[in-house]
Asker: 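Mind having a look at this structure? Questions to follow.
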Amino acid sequence: MDKKDIIILGIETSCDETSVAIVKNGREVLSNIINSQIDIHEKYGGVVPEIASRCHIEIINMIYKEALEKANISLDQIDAISCTYGPGLVGALLVGVSYAKALSYASNKKLVGVNHIEGHIAANYITNKDLKPPFICLIISGGHTHLVYVEDYTKFKIIGKTRDDAIGEAFDKVARVVGLGYPGGPKVDKLAKEGVANISLPKTHLDNLDFSFSGIKTAILNLYHKNPNVNKADLCMSFEKDCCDILIENVMKAVKMYNVDKIVLAGGVSANSYFRNEFLNLEKEKNIKIYYPELNLCTDNAAMIASAGYYNYINNKFSDLRLNAIPNLKIGESK
Ligand code: KG4
Ligand code: ZN
């Protein structure tokens, strides 16, 4: 390894994935071990916070060892320990934060707290080696729907957000109602491929760059309850199309307002195949470039946290042992 290389160990435990990763210079993944608890939460139809925390505690040490082994690296070769400290489930976050603090204290390495959403954005730096700010980023995940102007690697401005449900939440709810199970996003994605967007649903357009998905979600629930024989694939496709239209409308407004030529997608819902295609089509129509993370970096993982940690590290944004979990941490808030 080159002397000038900066190696960051990342830890992610904000929801139901326990993950530890080693990333070189913010862009090169040496290891990214992810243990998903989906099977455990599936029978409850959603994440049970207390169970999530317990599962993180049980497995984090093993995941940490595996990450070092896979990267073929020892702790003394690591420059800093980064961890998600918010937003997320408080008990789940505390496991990763405490583990990172203990590791930092015992090894005398710098500690870097990372905002989970900023991590989702950074996943793009790993997949798209040439991507540099400024750009408009659309973060679409289970807990968040944010439109962000990324001015620089550690400079963010929220320019739009959902006023009610996060888009991933709407996907999960629709899936549950039509009987596809949890987590709904990938299941709706798959079924929608067999359908056509022939069902009219109410779209909420707001004056500014904010979003609202509760209307469309409720319309689907009512429609399905009134007519359980409705074609589920058509319903999923109509839902995806309308959501995507709403997203694209605001993203294009933001592109004009901020005069940028790059649109970046991030978060679990950016794995959606219909969304990825529709955004890519914009490249042909308009003079812009679209970026999104590779599929395994769309959903929660520690490589994205190590990447965001790297940019904090080189900008001297460090944390100390007082670092605490902040369940409602906002993007761009300092440590
Ligand atoms: O980013 P993420 O792993 O966790 C949060 O930070 O919230 O996102 C999880 C969300 C879930 O709502 C899941 O249903 C959704 O991402 N998701 C998808 C797809 N894959 C995951 N939604 C639509 N299409 C997909 N292919
Ligand atoms: Zn996430």
Asker: Would you indicate whether the side-chain heavy atoms of L111 and K101 approach each other to under 4.5 Å?
Answerer: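 Yes, side chains in contact.
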
Asker: Step through the shown structure and confirm whether more than 12 heavy atoms of other residues, nucleotides or ligands are within 6.0 Å of NZ on K161.
Answerer: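 For K161, atom NZ is not crowded (no more than 12 foreign heavy atoms under 6.0 Å).
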
Asker: Looking at CG of N222 and CG of N227, how far apart are the two atoms once the value is rounded to the nearest 0.5 Å?
Answerer: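 Reported to 0.5 Å precision, the distance equals 12.5 Å.
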
Asker: Is it the case that atom CG in N287 sees more than 12 heavy atoms from other parts of the structure closer than 6.0 Å?
Answerer: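 No, because the 6.0 Å sphere around CG of N287 holds 12 heavy atoms or fewer from other groups.
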
Asker: Would you check if the distance from the ring center of F275 to the ring center of Y292 is below 6.0 Å?
Answerer: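 For F275 and Y292, the ring centres are not under 6.0 Å apart.
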
Asker: Might you confirm whether atom CZ of R54 has over 12 heavy atoms from other residues, nucleotides or ligands at distances under 6.0 Å?
Answerer: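 Counting other residues, nucleotides and ligands, CZ of R54 stays at 12 neighbours or fewer.
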
Asker: Distance alone, cut at 3.5 Å: any donor-acceptor contact between the side chains of D79 and Y310?
Answerer: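 Side chains of D79 and Y310: no pair found under 3.5 Å.
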
Asker: Clusters formed by hydrophobic residues whose side-chain heavy atoms approach within less than 4.5 Å: which one holds I40, and what are its other members?
Answerer: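 Same cluster as I40: Y44, V48, I51.
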
Asker: Does the side chain of P134 reach to within under 4.5 Å of the side chain of Y258, using non-hydrogen atoms?
Answerer: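 Not in contact.
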
Asker: Has the side chain of E240 got a donor or acceptor atom that lies under 3.5 Å from a matching backbone atom of M237?
Answerer: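 A pair under 3.5 Å: no.
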
Asker: Can you confirm whether M252 sits close enough to I263 that some side-chain heavy atom of one is under 4.5 Å from a side-chain heavy atom of the other?
Answerer: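 Heavy-atom side-chain distance check passes, below 4.5 Å.
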
Asker: Locate the shortest heavy-atom distance separating V188 from A175; write the atom from each residue and the value.
Answerer: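 Between these two residues, the closest heavy atoms are CG2-CB, 3.8 Å.
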
Asker: Taking all atoms of both residues into account, what is the closest heavy-atom pair of P293 and N124, and its distance?
Answerer: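 Residues P293 and N124, closest heavy atoms: N-OD1, 3.3 Å.
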
Asker: Do the side chains of L75 and I11 join up, straight or via other hydrophobic residues, at under 4.5 Å, putting them in one cluster?
Answerer: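 Same cluster: L75 reaches I11 through Ile, Leu, Val, Met, Phe, Trp or Tyr contacts under 4.5 Å.
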
Asker: List in chain and number order the residues that pass salt bridge (Lys or Arg N to Asp or Glu O under 4.0 Å) with R163, two or more places apart in sequence or in another chain; answer none if no residue qualifies.
Answerer: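 With neighbours one apart ignored, the set is D210.
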
Asker: Would a 4.5 Å heavy-atom cut-off, applied to side chains only, mark C298 and R276 as touching?
Answerer: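 The answer is yes; the side chains approach within 4.5 Å.
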
Asker: Do L180 and F171 touch side chain to side chain, with heavy atoms closer than 4.5 Å?
Answerer: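 No; the side chains remain at least 4.5 Å from each other.
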
Asker: Please check if any side-chain donor atom of H120 sits under 3.5 Å from a side-chain acceptor atom of D300, or the reverse.
Answerer: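 Looking only at side-chain atoms, D300 and H120 do form a donor-acceptor pair, the distance falling under 3.5 Å.
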
Asker: Say you draw a straight line from CG of L147 to CD1 of I159; how long is it, rounded to the nearest 0.5 Å?
Answerer: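 The CG atom of L147 sits 4.0 Å away from the CD1 atom of I159.
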
Asker: Would the F156 and Y149 ring centres measure less than 6.0 Å apart?
Answerer: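 Ring-ring flag for F156/Y149: false, centres at least 6.0 Å apart.
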
Asker: Does the side chain to side chain contact (heavy atoms under 4.5 Å, CB included) test come out yes or no for H116 and M304, once each step is laid out?
Answerer: CA-CA 9 Å; H116 180 78; M304 68 185 198; 3.6 Å; yes

Asker: Might you confirm whether atom NZ of K70 has over 12 heavy atoms from other residues, nucleotides or ligands at distances under 6.0 Å?
Answerer: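 Incorrect, the count does not exceed 12.
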
Asker: If you round to the nearest 0.5 Å, how far is OG of S104 from NZ of K110?
Answerer: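 Reported to 0.5 Å precision, the distance equals 9.5 Å.
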
Asker: Is a side-chain donor or acceptor of N25 paired with a backbone partner of I6 at a separation under 3.5 angstrom?
Answerer: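 Answer holds: yes.
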
Asker: Could you go through the side chain to side chain contact (heavy atoms under 4.5 Å, CB included) check for Y99 and N61 one step at a time?
Answerer: CA-CA 9 Å; Y99 197 89; N61 205 34; 2.5 Å; yes

Asker: Quick check on the 6.0 Å ring-centre criterion: do Y125 and Y153 meet it?
Answerer: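 Yes; Y153 has its ring centre under 6.0 Å from that of Y125.
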
Asker: Please test L297 against N32 for side chain to side chain contact (heavy atoms under 4.5 Å, CB included), starting from the C-alpha separation and ending with a verdict.
Answerer: CA-CA 10 Å; L297 295 178; N32 185 23; 3.6 Å; yes

Asker: Roughly how far apart are D189 CG and N272 CG, rounded to 0.5 Å?
Answerer: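 One gets 4.0 Å once the value is rounded to the nearest 0.5 Å.
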
Asker: As an exercise, state the distance from CG of N301 to CD1 of I126, rounded to the nearest 0.5 Å.
Answerer: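 Reported value, rounded in 0.5 Å steps: 6.5 Å.
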
Asker: What's the separation between atom CG in L138 and atom NE2 in H144, rounded to the nearest 0.5 Å?
Answerer: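 L138 atom CG to H144 atom NE2 measures 13.5 Å (nearest 0.5 Å).
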
Asker: Less than 4.5 Å apart, any side-chain heavy atom of F211 and any of I167?
Answerer: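 No - every pair of side-chain heavy atoms lies 4.5 Å or more apart.
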
Asker: What residues, two or more places apart in sequence or in another chain, satisfy side-chain hydrogen bond (donor to acceptor under 3.5 Å, both in side chains) together with S212?
Answerer: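 Counting only residues at least two positions away or on another chain, S212 forms a side-chain hydrogen bond (donor to acceptor under 3.5 Å, both in side chains) with D164.
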
Asker: Does a sphere of radius 6.0 Å around NZ in K187 hold more than 12 heavy atoms from other residues, nucleotides or ligands, not counting ones at 6.0 Å or beyond?
Answerer: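 Above 12, so yes.
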
Asker: Determine yes or no for a side-chain-to-main-chain donor-acceptor pair under 3.5 angstrom, with S82 supplying the side chain and L9 the backbone.
Answerer: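 Looks like yes, one N/O pair under 3.5 Å.
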
Asker: Test L323 against C83 for side chain to side chain contact (heavy atoms under 4.5 Å, CB included), laying out the working first.
Answerer: CA-CA 10 Å; L323 185 72; C83 67; 3.8 Å; yes

Asker: Any donor-acceptor pair under 3.5 Å linking the side chain of E17 with the backbone of I34?
Answerer: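 Absent.
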
Asker: Do S14 side-chain atoms and G88 backbone N/O form a donor-acceptor pair below 3.5 Å?
Answerer: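 Not confirmed, S14 side chain does not pair with G88 backbone.
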
Asker: Would you indicate whether K190, at its atom NZ, is surrounded by more than 12 heavy atoms from other residues, nucleotides or ligands within a distance under 6.0 Å?
Answerer: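 Atom NZ in K190 is not packed in, count stays at 12 or less.
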
Asker: Could you check whether atom CG of N277 has more than 12 heavy atoms from other residues, nucleotides or ligands sitting under 6.0 Å from it?
Answerer: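 Count over threshold, so yes.
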
Asker: What closest approach, in Å, do A21 and A67 show between heavy atoms, and which atom pair accounts for it?
Answerer: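 Between these two residues, the closest heavy atoms are N-CB, 4.4 Å.
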
Asker: I need the minimum non-hydrogen distance between E151 and P133, along with the two atoms involved.
Answerer: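 So the two residues come closest at O-CB, 3.7 Å.
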
Asker: With a 4.5 Å cut-off on side-chain heavy atoms, are I216 and T204 touching?
Answerer: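 Counting from C-beta outward, T204 and I216 never come under 4.5 Å.
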
Asker: Please evaluate residues R176 and D172 with respect to the criterion salt bridge (charged side-chain N to carboxylate O under 4.0 Å, His left out), reporting the C-alpha separation (whole Å), side-chain torsions for both, the decisive distance (0.1 Å), and the verdict.
Answerer: CA-CA 6 Å; R176 197 180 317 154; D172 292 340; over 6 Å; no

Asker: When L235 is tested against each of N198, L191, V178 for side chain to side chain contact (heavy atoms under 4.5 Å, CB included), which residue passes?
Answerer: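 So the option named by the test is V178.
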
Asker: For G96, is there any backbone N or O sitting under 3.5 Å from a side-chain donor or acceptor partner on T13?
Answerer: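 A pair under 3.5 Å: yes.
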
Asker: Would D165 and K173 count as a salt bridge (charged side-chain N to carboxylate O under 4.0 Å, His left out) here? Give the steps.
Answerer: CA-CA 10 Å; D165 297 337; K173 191 71 190 278; over 6 Å; no

Asker: Donor-acceptor check, side chain of N115 to backbone of K330, threshold 3.5 angstrom: yes or no?
Answerer: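 Between the backbone of K330 and the side chain of N115 there is a qualifying donor-acceptor contact (under 3.5 Å).
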
Asker: Would you check if E169 and F213 make a side-chain contact, meaning some heavy-atom pair closer than 4.5 Å?
Answerer: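 Not in contact.
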
Asker: Count the heavy atoms of every other residue, nucleotide or ligand shown that sit under 6.0 Å from NZ of K129, and state whether that count exceeds 12.
Answerer: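 Counting neighbours around NZ of K129, more than 12 heavy atoms of other residues, nucleotides or ligands fall under 6.0 Å, so yes.
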
Asker: Might you point out which heavy atoms bring C15 and V47 nearest each other, and give the distance in Å?
Answerer: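 Closest approach of C15 to V47, heavy atoms only: SG-CG2, 4.1 Å.
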
Asker: Any donor and acceptor pair, going by atom type alone, linking the side chain of R27 with main-chain N or O of S307 inside 3.5 Å?
Answerer: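 No; judged by distance alone, with no hydrogens or angles, the pair does not exist.
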
Asker: Treating T145 as the side-chain partner and I140 as the backbone partner, does any N or O pair qualify as donor plus acceptor under 3.5 Å?
Answerer: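 Not confirmed, T145 side chain does not pair with I140 backbone.
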
Asker: N231 side chain to A233 main-chain N or O, any donor-acceptor pair under 3.5 Å?
Answerer: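 Yes, because the side chain of N231 sits within donor-acceptor range (under 3.5 Å) of the backbone of A233.
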
Asker: Among M62, Q37, E12, find the one that has a side chain to side chain contact (heavy atoms under 4.5 Å, CB included) with T18.
Answerer: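 It is Q37, the one option of M62, Q37, E12 that forms the side chain to side chain contact (heavy atoms under 4.5 Å, CB included) with T18.
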
